[in-house]
Amino acid sequence: MMSVFHQLAQQMEDVSGDRGVLKEVIRPGKGGKVPCDATVILKYSGYLEHADKPFDTSCYRRHPKMMKLGEDITLSGMEIGLLTMQRGELSRFLFSPKYAYGTLGCSPLIPPSATVLFEIELLDFLDTAESDLFCALSPEVQATFSLDKIIKIAGTEREFGNYLFKRNRFYDARDRYKRASSVLSCKASCEEERKLLEAAQLFVALNLSLTYLKLERPSRALKWGEKALSIDNRNTKALFRCGQACLEMREYDKARNYLLKAQWLEPYNPEINNELKRLSSCYQDYMDKEREMCFLMFRSLSMRH
């Protein structure tokens, strides 16, 4: 009688050329396949034959697993399998020991010479190979690249940061935005290049300002908001974020100044108007506490006399 894995193997596609990695598509994806050196966002579960529960799974994590091909993936079978997948695809793979844990296995979970089954859902991938290679170069070599290429690489880093930010991975998003900012620290050779460079720098500064607000680091948020204002002093988002940062730091006069400038540019913006109301409430609470403190202090002095 054939084993369960052997029966499955009969209907699976050979994607390694030696039947060491077999694949069955459960739900097709869309678009192109994963490129080499991409960063993939996925869910997976690994099973031994006859086991009801996975020996390894990422499905219970708060955030999906994010891994870079060629660096973070230890099983060669998984790497080969991922290169055959599209966005949104859910597939089942069988990895022979050669493409999994080898003849020794991985005690105590994986016995020697074990064939394993993995179900992998590819949620998304980002082709970061070009930007990763660029960031690994010395500043002298980076300076030889054209501005168009530099802006494209910074855009990839910012796009990656946006992806992470939307999934509330604020520390990871911050790191990608800072890489984008570092890439854009080059000098422009003419007025046209200066404008292109500043436009890209403005977006990154705004991203970093908002990210630091999410990380509850208002002083850093203010720094990047002011960086954005140094590029465009009428940028409503920059004024608003500087106002938010100052409010968090209880610098009420500065917060009011920034928020009123933002309101003057966009008088019907509900976020700005709500923040001004919050400022008024916080300031009133602050003044009430100051008055109470003064009253208690004077009462204490009068009782001594």
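Side chains are part of it too, since the values below use all heavy atoms of this structure and drop only hydrogens, waters and symmetry mates.
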Given the options Lys33, Lys23, Lys43, Glu89 meets salt bridge (Lys or Arg N to Asp or Glu O under 4.0 Å) only with Lys23
Nearest heavy-atom neighbours spanning Ala255 and Gly243: CB-O, 3.6 Å
Look at the side chain of Arg241 and the backbone N and O of Trp224, then say whether any donor-acceptor pair between them is shorter than 3.5 Å. no
Value rounded to 0.5 Å, distance of NZ in Lys195 from CD1 in Ile231: 14.5 Å
Would you call the rings of Tyr44 and Phe118 parallel, tilted or perpendicular, taking 30° and 60° as the class edges? tilted
Determine, using ring centers only, whether Phe170 and Phe165 are less than 6.0 Å apart. yes
Side chains of Thr103 and Pro112: does their closest heavy-atom pair fall under 4.5 Å? no
May I have the step-by-step check of side-chain contact (heavy atoms from CB on, under 4.5 Å) for Tyr47 and Asp52, ending in yes or no? CA-CA 8 Å; Tyr47 297 86; Asp52 294 328; over 6 Å; no
Is a side-chain N or O of Ser281 found less than 3.5 angstrom from the main chain of Lys277, in a donor-acceptor match? no
With side-chain contact (heavy atoms from CB on, under 4.5 Å) as the criterion, how do Leu117 and Glu49 come out once you've worked through the C-alpha distance, each side chain's angles and the decisive distance to 0.1 Å? CA-CA 8 Å; Leu117 181 146; Glu49 193 168 20; over 6 Å; no
May I ask you to decide whether Arg194 forms a salt bridge with Glu191, counting only side-chain N to carboxylate O separations under 4.0 Å? yes
For Leu206, does its backbone N or O pair with a side-chain atom of Ser209 as donor and acceptor, under 3.5 Å? no
Closest non-hydrogen contact found for Thr115 with Ser96 is OG1-CA, 4.0 Å
For residues Asn269 and Phe240, determine if any side-chain heavy atom of one lies less than 4.5 Å from a side-chain heavy atom of the other. no
From the list Glu24, Glu13, Glu121, salt bridge (Lys or Arg N to Asp or Glu O under 4.0 Å) partner of Arg92 resolves to Glu24
Same hydrophobic cluster for Met249 and Leu229, using side-chain heavy-atom links shorter than 4.5 Å among ILVMFWY? yes
Side chains of Leu222 and Cys242: does their closest heavy-atom pair fall under 4.5 Å? yes
Got a sec: does the NZ of Lys152 have more than 12 other heavy atoms crowding it under 6.0 Å? no
Near Glu192 CD, under 6.0 Å, is it more than 12 heavy atoms from other residues, nucleotides or ligands? no
Rounded at 0.5 Å granularity, tell me how far CG in Asp14 sits from CG in Leu94. 11.5 Å
Any non-hydrogen side-chain atom of Leu109 less than 4.5 Å from a side-chain atom of Cys106? no
Is there a path of hydrophobic side-chain contacts, each under 4.5 Å between heavy atoms, that joins Leu239 and Leu276? no
Indicate, with yes or no, if Tyr212 and Leu259 share a hydrophobic cluster defined by side-chain heavy-atom contacts under 4.5 Å among Ile, Leu, Val, Met, Phe, Trp and Tyr. no
How close do Thr211 and Asn207 get, counting heavy atoms only, and between which atoms? OG1-O, 2.7 Å
Please check if any side-chain donor atom of Ser146 sits under 3.5 Å from a side-chain acceptor atom of Asp148, or the reverse. no
What pair of heavy atoms forms the shortest contact from Thr236 to Ala262, and how long is it? CG2-O, 4.0 Å
Find the distance between CG (Leu202) and CG (Leu184) and round it off to the nearest 0.5 Å. 11.0 Å
Taking all non-hydrogen atoms of both residues, which atom of Leu213 and which atom of Ala221 are closest, and how far apart? CG-CB, 3.7 Å
Salt bridge (Lys or Arg N to Asp or Glu O under 4.0 Å) contacts touching residues 254-263 (sequence neighbours left out): Glu251-Lys254
Measuring from atom OH of Tyr252 to atom SG of Cys246, what distance do you get when rounded to the nearest 0.5 angstrom? 11.5 Å
Hey, does the side chain of Arg87 reach the backbone of Phe125 with a donor-acceptor pair shorter than 3.5 angstrom? yes
Note, Met85 side chain near Val40 side chain (heavy atom, < 4.5 Å): no
Selection residues 160-170 - residue pairs positive for side chain to side chain donor-acceptor pair (under 3.5 Å), sequence neighbours left out: Asn162-Tyr177, Tyr163-Arg167, Arg169-Asp172
Would you give the length of the straight line joining atom CG of Asn274 to atom CD of Glu271, rounded to the nearest 0.5 angstrom? 8.0 Å
For the pair Lys30 (side chain) and Gln86 (backbone), establish whether a donor and an acceptor sit closer than 3.5 Å, ignoring hydrogens and angles. no
Could you go through Asp253 and Asn257, starting from their C-alpha distance and side-chain angles, then the distance that decides it, and tell me whether this counts as side-chain contact (heavy atoms from CB on, under 4.5 Å)? CA-CA 6 Å; Asp253 288 338; Asn257 185 42; over 6 Å; no
Under 4.5 Å between side-chain heavy atoms, counting indirect links through other Ile/Leu/Val/Met/Phe/Trp/Tyr residues: same cluster for Leu75 and Leu83 or not? yes
Which atoms form the tightest heavy-atom contact between Gln142 and Ile150, and what is the distance? O-CD1, 4.1 Å
Applying side-chain contact (heavy atoms from CB on, under 4.5 Å) to Ser58 and Leu42, what does each step give before you reach the verdict? CA-CA 8 Å; Ser58 68; Leu42 73 164; 5.6 Å; no
Sorted by first residue and then second, give each salt bridge (Lys or Arg N to Asp or Glu O under 4.0 Å) pair with at least one member in residues 221-238; sequence neighbours left out. none
Salt bridge or not between Arg278 and Glu248? Use side-chain N to carboxylate O under 4.0 Å. yes
Is a side-chain donor or acceptor of Gln263 paired with a backbone partner of Asn273 at a separation under 3.5 angstrom? no
Using side-chain heavy atoms (C-beta onward) and a distance below 4.5 Å, is Val25 in contact with Ser91? yes
Could you tell me whether the side chain of Glu266 reaches within less than 4.5 Å of the side chain of Ile272, counting heavy atoms only? yes
Taking C-beta and beyond as the side chain, do Pro111 and Leu48 meet within less than 4.5 Å on heavy atoms? yes
Please check this pair: side chain of Ser3 against backbone of His6, looking for a donor-acceptor N/O pair closer than 3.5 Å. yes
Could you see if Leu147 belongs to whatever hydrophobic cluster contains Phe134? Use Ile, Leu, Val, Met, Phe, Trp, Tyr and a side-chain cutoff under 4.5 Å. yes
Kindly compute the distance separating OG1 (Thr144) from CG (Leu137), expressed to the nearest 0.5 Å. 8.0 Å
